[in-house]
Structure formats: structure tokens, C-alpha cells
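We use all heavy atoms of the structure for the numbers below, so side chains are in, but hydrogens, waters and symmetry mates are not. Residue numbers begin at 1 in each chain, while the letters A, B, ... track the order of the sequences.
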2 protein chains.
Amino acid sequence: MDPGKHAAERSESELGQKINRLIAAMYPDERSRPGFAKLSQHIREATGTAISSTYLWELTTGRKQNVTRSTLTTLAKFFGVPPEYFLDDRVSARVDTQLELAVALRNRKVRSIALRADGLSEETLNSILAILNHAREIEKLDPLDEDNRQPSEPSA
Amino acid sequence: MDPGKHAAERSESELGQKINRLIAAMYPDERSRPGFAKLSQHIREATGTAISSTYLWELTTGRKQNVTRSTLTTLAKFFGVPPEYFLDDRVSARVDTQLELAVALRNRKVRSIALRADGLSEETLNSILAILNHAREIEKLDPLDEDNRQPSEPSA
DNA sequence: GCCGGCCATCCGCTGTAGCGGATAAGCCTG
DNA sequence: CAGGCTTATCCGCTACAGCGGATGGCCGGC
């Protein structure tokens, strides 16, 4: 059927795009990225609530987009984004810049570290950063000089 | 009917409460407060999208609560609240780990740490965790024992 | 070659979000 | 107190969110 021509509203199937982006962020290796079936399983295991593979496909392709509250919450819970990510474009724009971080959070230990680092004093944080930088050097990883990076306004 | 059979609804209809509160806030004079029919008209006029009086009643009485994205947006638009106002009821309690993390991510240094920790070896991560735990102890923060947490299904 | 698994995609079904059209019980004012 | 105007509440319907179960196309292994 003629796709894309019935767009009376500007929003289109933007929700599908967002979900696709989140999937790509969560499974960066495109080769080993799970299909909708596996993804559905992961969601059930991680959140305790299931979303069928069929429906996931329908969402990502924009075939369905008027999701209910429960589905919305489950998706947000799984991807680790605030639920309003799917509702408010400004929020999603802000979160998108942090997708890199979301990738990091895949690792459970990294999550623990982030949680534990919160609230510590500046000095301690600096020390931890120094240690991490040193460790990255030893383990031959990218220096990852994030502090130099600008928050880059994408024209708002 | 006997609604006691399904004990899953411990928080009743939190969404209905919220809508009721918003109505009361928007029309402070209880005497001149419009009924659901008038309210439905106001919503249509103000937002351009309609919500039937019947459905408004069903929402405020908690009969329906799994609203879709469009209804949610319309309500938020009309009442002038961010859409997430209707989203984080009891789920916020269940996913408070996520929330804690979101809060943590406000700190730029914590972000840097999370990014830098990604990709490091298990041993290094364990060392960092040990250091962080020690630091938390010294700075008198909560132990934050996330790893002990069970996946605990709260009666699905 | 064939078998088994994973994949995207489709079809058809069920449950329920959401609505329109009753109804009866409150009100006004003449 | 009749008759009109609202109100909250109910019932039954339609549309669609969401799912289960096909289907056929691609892989790798025996």
C-alpha cells in the first residue's frame, strides 16, 4: 500500500525511529544484534513484562504507534530512558546525545560504578577518573576525552 | 462485583486521582465546576482533540486507566502539565534503580566515569568498585548494595 | 544435498480503549 | 409542578492495540 503519503500530521511514525535508535544504541554490534524475537525475550526477562516480537516490529516500522501506558512504561524501563522520551521530542533530543552513555550502561558493572560514583566528593571523583584513565591506557582502550567535547547545539 | 480477587491493584487508580486533582485545580470553584460533558467540550476547543465525556468519567473513576499515547498527550496539553505527570505513579517505586541512575547522570563527572569504565576488564572493574565502596564509606554515603538486589516479581 | 535455527513479514484473532446513545435523578425558571 | 437543561452513570458498539501462529528467505552444520 502507498506508504508515507497519508501524513496529515508532522509527527509521522517518529516513535518507531526512536525505538530503532535505542535498539542500535543498546546493541552496537550490528552483526550480533538480536532480532525481534530475541529482543522480545530480553524485554520480558529484564522488565518482567512482555512485548511480542510482532508488535515490536509493528512499532519499529511505524505500523502501530499509539501505544498504551503500560507498553510505554515497559519500553522505557527496558531501554533505561525516561518514559517521556517517547512523548516529548525535546526530552528525546536531550537523551539522544547520551546514547553513548546508554551503550556503556549495558555492562552491569558499569552501571554499579555509575551509581556508586554519585554523591562522592569532587576530589574523589577526580581520583577515580585518574585511575580509570590509567586503566584504559594499560588495557589499550580509547582515551575517550569527553571533557573536551562540547554539548553541541543542534539548532533549537 | 467482587474486585478483591485481583490483589494486583494495590494503588487503585492513581491516574484517575491525578485527573481529578487537575480538574479541581483548574476549576477551583466547586459550585461552578463543569461536568464531564462541558469538560469534554472545553478539551476539544482547547486542544483540537476530543475526549468523550463518558471516557473522562471512566478515567476519573478508575474504570479505564491504560490510556494511549494520544489521549495522554491531549490531557497533558489541556491541563498544562508535562505528559510524564501521568506516567510515574507506582512504577517509579518499582524502577527506582533507574531513577537513581538518572539522577546520578546529572553529574557530569559521574557521566565521564561511566563512559570510561565501559570496556575495561572484569578485574579492573572490580577494583574500581572496591575503591568506590571504600570511598563511599569514608564519605559516609549509603552502601548502595545493588548487586544483592533480587529481580523479585511483585505478583505478575 | 537436507535439517534446524533465526530472521522479517504477514494474517487473523482477542481484549479493551474509547465513544455514542440511552437513562434517571437533580437543578432551574415560569 | 410541568418542561427544559445538566448532571452522573450505564450499556453496547466499533476501532485498534497487541498477540499467536503461520510463511518463506537465509544462514551454518552434518
Listing time: all N or O pairs from protein to nucleotides 13-15 of chain D that are below 3.5 Å?
none

Generate the contact string for nucleotides 9-21 of chain C. Rules: B means base contact, S means sugar-phosphate contact only, - means no protein heavy atom under 4.0 Å. SBB-----BBBBB
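The nearest pair of heavy atoms linking Arg69(B) to Gln65(A) is NH1-O, 3.5 Å. Considering every non-hydrogen atom in both Leu39(B) and Pro34(B), the closest pair reads N-CB, 4.3 Å.
For the atom pair OG of Ser53(A) and CD of Gln41(A), the computed distance is 9.5 Å after rounding to the nearest 0.5 Å.
If you take CG of Leu72(A) and C1' of dG18(D), they are 14 Å apart, rounded to a whole angstrom. In this structure, Asn20(A) places its CG atom 11 Å from P of dA8(C), rounding to the nearest Å. Computed from coordinates, the Arg33(A) CZ to dA8(C) C1' distance equals 14 Å when rounded to whole Å.
For His134(A), the side-chain hydrogen bond (donor to acceptor under 3.5 Å, both in side chains) test picks out no residue, with sequence neighbours left out. Under the rule for a side chain to side chain contact (heavy atoms under 4.5 Å, CB included), the partners of Arg33(A) that lie at least two apart in sequence or sit in another chain are Ile23(A), Ala24(A), Tyr27(A), Glu30(A). Partners of Asn66(A) under the side-chain hydrogen bond (donor to acceptor under 3.5 Å, both in side chains) rule, at least two apart in sequence or in another chain, are Thr68(B), Ser70(B). By the side chain to side chain contact (heavy atoms under 4.5 Å, CB included) test, Thr74(A) pairs with Ile43(A), Thr47(A), Thr49(A), Ile51(A), sequence neighbours left out.
Cation-pi geometry between Lys18(A) and Tyr85(A) is met: the NZ or CZ atom falls under 6.0 Å from the ring centre, inside 45° of the normal.
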